[in-house]
Amino acid sequence: MKFNVNHPIIFVLVGIIVALVIAQSVYFLVKAIKRAKELGITKETIKKTVTSSAIFTIAPAIAILVGVVALSKSLGLALPWLRLSVIGSISYETVAAGNAIEAAGSNMSTTITDPAIFITIALVMTIGIAAGLVLVPFLTKGIQKGLTKIGMKDPKWGEILSNAMFLGMISAFLGYVFCDVGLVAKGDLTGLIPVCVMVVSAVVMAVLGIISIKTKIRWMNDYALPISLVAGMASAIPFTSLFGG
Amino acid sequence: MKKNLSYMDSVHRDGRIWGIVIGCIILLFPAILMAIFETLPDGKILIKGLIATAPMYWAVGIIEIFTFTPMLGAGGTYLSFITGNISNLKLPCAIDAMEKAGVKASDEKGEVISTISIAVSSIVTTIIIIIGVICIVPLTPILESPVLEPAFNMILPALFGGLAVVFISKNLKLSIAPVLIMLVLFIFVPFLDASTVGIMVPVGVIITVITARILYKKGII
């Protein structure tokens, strides 16, 4: 069969895998909602969880779509569609594809025409991130059981432990926001952009939280995170033109 | 109690089946392409590409299973490790959902809220990408517009600014040490940047858990 990066057969294959991925999510969604009702979680809470998760997802998902567009110039649409719909993350897939395309002596803006190179890039992207895919089915139960034991032995510590883990992740990303601040000493102000964006997002979040407590407007609190996310992202535009980028 | 156990056990059973089936198909995808286009991969490029990619991402991937699983819950883990984009989307989404529903990640209510949130997030992401792929021609100039580019580049600071306010304000005593350590590390260690933040997440988690243990034992938290 004559190869091209946008061959319909690649779209059919990717379509099948993406359909399976959606089916898995729907299956777990139905199962969890059923269990939530048995556990006495109110319909209103379930509905709120569904709508706020859906709304929160829109902005990051569009950013992922930007990754698909960036990769589509060299790899066509089907492979980036697959890679960014399953495993990986926008940062990983772009790096992995970049490494593989570079190893092939090509670049991100030249369309791959050799099927051997295309398949090699698909293999690098697939094998490179397969750790989670291969190991999760075998490790998750053990990890979960261990945690349940800790929680049962000392419930207060179990709760502090899970809060500490969330905070640990958040602290790493807060550190990352400041990673280029050192450049300011050399006259490069671009390192301030992520810091300012983070501050805007934090302030919006805090203000929404306070207003919703004072006025008892519930939706404001429910959608505070997606609102602060979009406000922070939007503020990046003026900050970038202010500090240069 | 028996019913609780059976829900969790069924999550593990179903998660494993789905994970193994979808995992095999994803891993087989390049092999199917080889058969269809009757071509073998280029060995040299493959090895070169894998050396540049696999060691770091396999190491990070293995550590991520141990750090993310306790936060995502079982159902959330089985879904997230298939659909990806965990730290920049699925986990913040689940954390926010649990926080708003007033449930703890450590019990079964947290497990189901996290699963609902991650399942919805996965479905919405997949649908948005499908719409994007179908409408790629009219969408490309918008998605690639230089005006919007900074907004898409700054998604992580915008996301974690909001999340930090919620969690730091609720765990002030516990936050001080890990946040300060991470700030110092990222500002003064040159190789810590966007490409290495994945490695620093487990480091941050370990530092915070040790801090929490000390403060808990001393009765401060």
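Reminder, nothing fancy here: chain letters follow the sequence lines and each chain counts from 1. No hydrogens, no waters, no symmetry mates; every other heavy atom, side chains included, goes into these values.
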> Is a side-chain N or O of B/Ser121 found less than 3.5 angstrom from the main chain of A/Ser53, in a donor-acceptor match?
Replying inline: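 Judged by distance alone, no pair lies under 3.5 Å.
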> Is a donor on one side and an acceptor on the other found under 3.5 Å between the side chain of B/Thr39 and the backbone of A/Ala116?
Replying inline: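 No; zero donor-acceptor contacts below 3.5 Å.
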Examine whether an atom of [X] lies under 4.5 Å from a heavy atom of chain A, and if so say whether it belongs to the side chain, the backbone or both; otherwise answer neither.
X	value
B/Val165	side chain
B/Leu163	both
B/Ile221	both
B/Glu149	neither
B/Phe68	side chain
B/Leu40	backbone
B/Leu91	side chain
B/Met56	neither
B/Pro190	neither
B/Val60	neither
B/Ala194	both
B/Lys104	side chain
B/Ile65	both

>> Taking salt bridge (Lys or Arg N to Asp or Glu O under 4.0 Å) as the definition, give me every residue that meets it alongside A/Lys73, ordered by chain and number, with sequence neighbours left out.
In response: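 For A/Lys73 the salt bridge (Lys or Arg N to Asp or Glu O under 4.0 Å) partners, ignoring immediate neighbours, are B/Glu144.
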>> Just to verify, what does A/Asp222 make a salt bridge (Lys or Arg N to Asp or Glu O under 4.0 Å) with, not counting sequence neighbours?
In response: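 With neighbours one apart ignored, the set is A/Lys48.
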> Listed by chain and number, what are the side chain to side chain donor-acceptor pair (under 3.5 Å) partners of B/His12, not counting sequence neighbours?
Replying inline: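 B/Tyr78.
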Contact leader toward chain B among [options], where contacts are heavy-atom pairs under 4.5 Å:
options	answer
A/Gly67, A/Gly40, A/Ser85, A/Ser162	A/Ser85
A/Ala78, A/Ala122, A/Ala36	A/Ala36
A/Val177, A/Val66, A/Val95	A/Val66
A/Gly15, A/Gly128, A/Ala236, A/Gly232	A/Gly128
A/Ile64, A/Ile33, A/Val204	A/Ile64
A/Ser171, A/Ala54, A/Ala61	A/Ser171

To the nearest 0.5 Å, what is the distance between [atom1] ([X]) and [atom2] ([Y])?
X	Y	atom1	atom2	result
A/Phe166	B/Thr208	CZ	OG1	12.5 Å
B/Thr77	A/Gln144	OG1	CD	6.5 Å
B/Ser117	A/Ile46	OG	CD1	13.0 Å
B/Asn153	A/Met233	CG	CE	9.5 Å
B/Phe81	A/Thr140	CZ	OG1	7.5 Å
B/Phe152	A/Ile62	CZ	CD1	6.0 Å

>> Using 30° and 60° as the class boundaries, would you call the ring planes of B/Phe160 and A/Phe173 parallel, tilted or perpendicular?
In response: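 Ring orientation, 0 to 90° scale: parallel.
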>> Does the plane of the ring in B/Tyr216 sit parallel, tilted or perpendicular to the ring in A/Trp157? Use 30° and 60° as the thresholds.
In response: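 B/Tyr216 vs A/Trp157 ring planes: parallel.
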> Would you say B/Leu27 and A/Val134 make side-chain contact, with heavy atoms under 4.5 Å?
Replying inline: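 Yes. Closest side-chain heavy atoms under 4.5 Å.
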So what's closer than 4.5 Å to chain B heavy atoms on [X]: side chain, backbone, both or neither?
X	value
A/Ile17	side chain
A/Ile143	side chain
A/Asn221	both

> Hey, is CD on B/Glu99 packed in by over 12 heavy atoms from elsewhere, all under 6.0 Å?
Replying inline: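 Count over threshold, so yes.
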>> Assess the residue pair B/Ile26 and A/Arg83 against the criterion (side-chain contact (heavy atoms from CB on, under 4.5 Å)); give the C-alpha distance rounded to whole Å, side-chain angles, the decisive distance to 0.1 Å, and a yes or no.
In response: CA-CA 9 Å; B/Ile26 290 171; A/Arg83 295 304 323 164; 4.3 Å; yes
> Within residues 23-30 of chain A, which positions have a heavy-atom distance to chain B below 4.5 Å?
Replying inline: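 Interface residues of residues 23-30 of chain A: A/Ala23, A/Gln24, A/Ser25, A/Val26, A/Tyr27, A/Phe28, A/Leu29.
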>> Between A/Ile160 and B/Arg213, is the side-chain contact (heavy atoms from CB on, under 4.5 Å) condition met? List the steps.
In response: CA-CA 9 Å; A/Ile160 293 173; B/Arg213 190 70 195 168; over 6 Å; no
Can you name the nearest heavy-atom pair linking [X] to [Y], along with the distance?
X	Y	value
A/Leu39	B/Lys109	O-CE, 3.4 Å
A/Trp81	B/Ile129	CD1-CG2, 3.4 Å
A/Ile127	B/Trp58	O-NE1, 2.8 Å
A/Leu225	B/Gly162	CD1-C, 4.0 Å
B/Pro150	A/Thr240	CB-OG1, 3.2 Å
B/Met154	A/Pro194	SD-CA, 3.7 Å

> Who wins among B/Gly61, B/Gly19, B/Ala212 for the most heavy-atom pairs under 4.5 Å with chain A?
Replying inline: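 Maximum pair count with chain A is reached by B/Ala212.
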> Can A/Phe3 and B/Leu33 be said to form a side-chain contact (heavy atoms from CB on, under 4.5 Å), step by step?
Replying inline: CA-CA 10 Å; A/Phe3 169 81; B/Leu33 290 183; over 6 Å; no
> Given the rule in the side-chain contact (heavy atoms from CB on, under 4.5 Å) test, do B/Met8 and A/Lys145 qualify, once you have shown the distances and angles that lead to the verdict?
Replying inline: CA-CA 10 Å; B/Met8 287 311 294; A/Lys145 285 246 156 100; over 6 Å; no
